[in-house]
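A, B, ... follow the sequence lines: proteins, then strands. Residue 1 opens every chain. Just the heavy atoms: all of them, side chains too, but no hydrogens, waters or symmetry mates, feed the values below.
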Protein chains: 2
Amino acid sequence: MAQISNLSCSLEDYLEIILQLVHEKGEARVKEIAARKAVRMASVTGALKRLAKEQLIVYKARESVTLTDAGYDLAGRVLKRHQFIARFLGEVLGVPADTASRDACAIEHVISLDSLDRLAGFMEFLKSPVLVEQDVAGRFQRSYTAGAARLNGSETGRSADCGGLADEAIRIFSRNAAQVQLTELKPGERGRVVSVRASTPIRQRLVDMGLLPGVELVMQRVAPLGDPIDIKLRGFHLSLRKIEAATIGVERL
Amino acid sequence: MAQISNLSCSLEDYLEIILQLVHEKGEARVKEIAARKAVRMASVTGALKRLAKEQLIVYKARESVTLTDAGYDLAGRVLKRHQFIARFLGEVLGVPADTASRDACAIEHVISLDSLDRLAGFMEFLKSPVLVEQDVAGRFQRSYTAGAARLNGSETGRSADCGGLADEAIRIFSRNAAQVQLTELKPGERGRVVSVRASTPIRQRLVDMGLLPGVELVMQRVAPLGDPIDIKLRGFHLSLRKIEAATIGVERL
DNA sequence: TTCTTTTGTTAGGGTGGGCTAATTTGTCCC
DNA sequence: GGGACAAATTAGCCCACCCTAACAAAAGAA
Ligand SMILES: [Mn+2]
Ligand SMILES: [Mn+2]
Ligand SMILES: [Mn+2]
Ligand SMILES: [Mn+2]
């Protein structure tokens, strides 16, 4: 149940998409909805039935979908939230439009009215006479990209008064994209061992078998239940139990 | 699948809770986890099994849960995101702590690293020499609450350079809490008709029966499948089809 | 009109994630 | 040791939401 309605996020998105389609093309067809939501048509049919039960759309099989008053209202609110959040991300923070929109479409369902209201107030505030002169958002974005450029140019200097926290943020916030568990490799994929986190005795055994950081390997075969796992390294084969393999961090190659 | 991991939002939250419990009490027990997540213990057991399968926790039945290295890592990242977003909402926007934390715990799973990074940069930027003097956040929050107070004092003036967008935001972003569909009333509940959105012929019939905006009514009885619905207004009974009732907006009394 | 293609629906299946009720296990006390 | 109680698990249910495969209907083309 999302903040804005009694509906799930998914259903709110369907509603939002229907509204957009009605605006853009005059009608909403199953195929189009499926395309925008990146799901199959069968999933759309199911969703439409649920929305119809809530009296938010008028749905008769094989006809194009229309919104009821209540549905139009709700869809509009979802869309407004979306657009507003995307604007904050884009105009104030300088997030690229596609990312801003994706994020907005997720956040729109879960952020409270209180936060949203204050965010709206904040954006207004940045336009107040004194601050508008300061061009807070613009200056931030310039310093942010400048900082990023400096980092990408592999300079060492990182100043605290600007953006460019990229590498710090990756370490703190993101999944460590580079490193995955050995178990995640699919047959045929190659990787380089980054870490072996097993407990000491097991670790020793693995290292003895040549499984140490830096070594390249190729995933060979995964047995039906993921156990055992067959890999090839330095030209010979090795069979590992899944629980062992999971302690091994690799970098995809 | 959340932004930060291959896990669902729910599992990320379990992980986050386990980390907090381990920090606070030295161990995480099923009962405590259930309490924090506001779910039943049976649900926790299920979640723990899924987390164990992903090698993120060590789980043996009836023993207290511990995090694996990978789990500790991921839990830490989720928590960092949570804390950071809550700080933005609280310190910059002035959202009350509990709301900020609730919102953060939802947004943490869906916001992109890019937006997060820029938000972090932005908060840093507000601390840069020139802007720190301006006290952007502080001034915003004061004007916001001042605006709200003025509105609550039922003054008419609304200035564009301050916050206090509350009523505007409610109209645009929130569900219209006051108005519900007639079908949502439970037997015994009273309501006042706010709108009748039915198509003209049906609308006419309803109005003829006395169902017009401003009229008070009491929900009497809802048949098994929600159809028909029995209401009482102006002292006599009326039976409506569900599809008709759904077009009627009422205000709960 | 009849055949083909496109569009949409139904049937059936899987996973995630919650629930209640019944049962098991561990602990503490007598 | 034998209850009593709390903590945890299992079994079994439900719903949301996605999928594929098979089928049905509508629209176009021949
Ligand atoms: Mn959305
Ligand atoms: Mn959206
Ligand atoms: Mn969360
Ligand atoms: Mn959280």
Does the A/Arg81 side chain pair with the main chain of A/Ile111, one donor and one acceptor, at a distance under 3.5 Å?
-> yes
Who are the salt bridge (Lys or Arg N to Asp or Glu O under 4.0 Å) partners of A/Glu63, not counting sequence neighbours?
-> none
Could you note down all residue pairs passing salt bridge (charged side-chain N to carboxylate O under 4.0 Å, His left out) where residues 82-93 of chain A supplies at least one of them, sequence neighbours left out?
-> A/Arg87-A/Glu91
Do any side-chain nitrogens or oxygens of B/Tyr59 fall under 4.0 Å of OP1 or OP2 in D/dT9?
-> yes
Would you list the atom pairs, donor with acceptor, under 3.5 Å between side chains in residues 92-102 of chain A and any protein atom, with sequence neighbours excluded?
from	atom 1	to	atom 2	distance (Å)
A/Ser101	OG	A/His82	NE2	3.0

Neighbours of DNA chain D within residues 37-44 of chain B, by heavy-atom distance under 4.0 Å | B/Met41, B/Ala42
From CD1 of A/Ile33 across to P of D/dC18 the rounded distance in Å is 13 Å
What is the nucleic acid contact for A/Lys49, judged by heavy atoms within less than 4.0 Å: base, sugar-phosphate only, or nothing?
-> sugar-phosphate
To the nearest angstrom, the CD-C1' distance between B/Glu27 and D/dA8 comes to 14 Å
Of A/Lys53 and A/Arg62, whose nearest nucleotide on DNA chain D comes first from the 5' end?
-> A/Lys53
Would you please name every residue forming a ring-ring contact (aromatic ring centres under 6.0 Å, His included) with A/Phe84, sequence neighbours left out?
-> B/Phe173
Sort and list the pairs that fulfil salt bridge (charged side-chain N to carboxylate O under 4.0 Å, His left out) and have at least one residue in residues 30-41 of chain B, not counting sequence neighbours.
-> B/Glu24-B/Arg36, B/Lys25-B/Glu32
Euclidean distance, atom CD of residue B/Glu63 to atom P of C/dT24 [Å, nearest integer] | 20 Å
B/Leu7 CG to C/dG16 C1', in whole Å, measures 12 Å
Within residues 8-21 of chain A, the residues having a heavy atom closer than 4.0 Å to DNA chain D are A/Ser8, A/Ser10, A/Leu11, A/Tyr14
Near A/Tyr72 OH, under 6.0 Å, is it more than 12 heavy atoms from other residues, nucleotides or ligands?
-> no
For atom CD of B/Glu32 and atom P of D/dA8, their distance in whole Å = 9 Å
Write down the distance between CG (A/Asn6) and P (D/dA16), rounded to a whole number of angstrom.
-> 13 Å
Would you please confirm or rule out a distance under 4.0 Å between OP1 or OP2 of C/dG8 and any side-chain N or O of A/Arg29?
-> yes
List in chain and number order the residues that pass side-chain hydrogen bond (donor to acceptor under 3.5 Å, both in side chains) with A/Gln83, two or more places apart in sequence or in another chain; answer none if no residue qualifies.
-> none
Residues that B/Arg190 engages under salt bridge (Lys or Arg N to Asp or Glu O under 4.0 Å), provided they are two or more places apart | B/Glu216
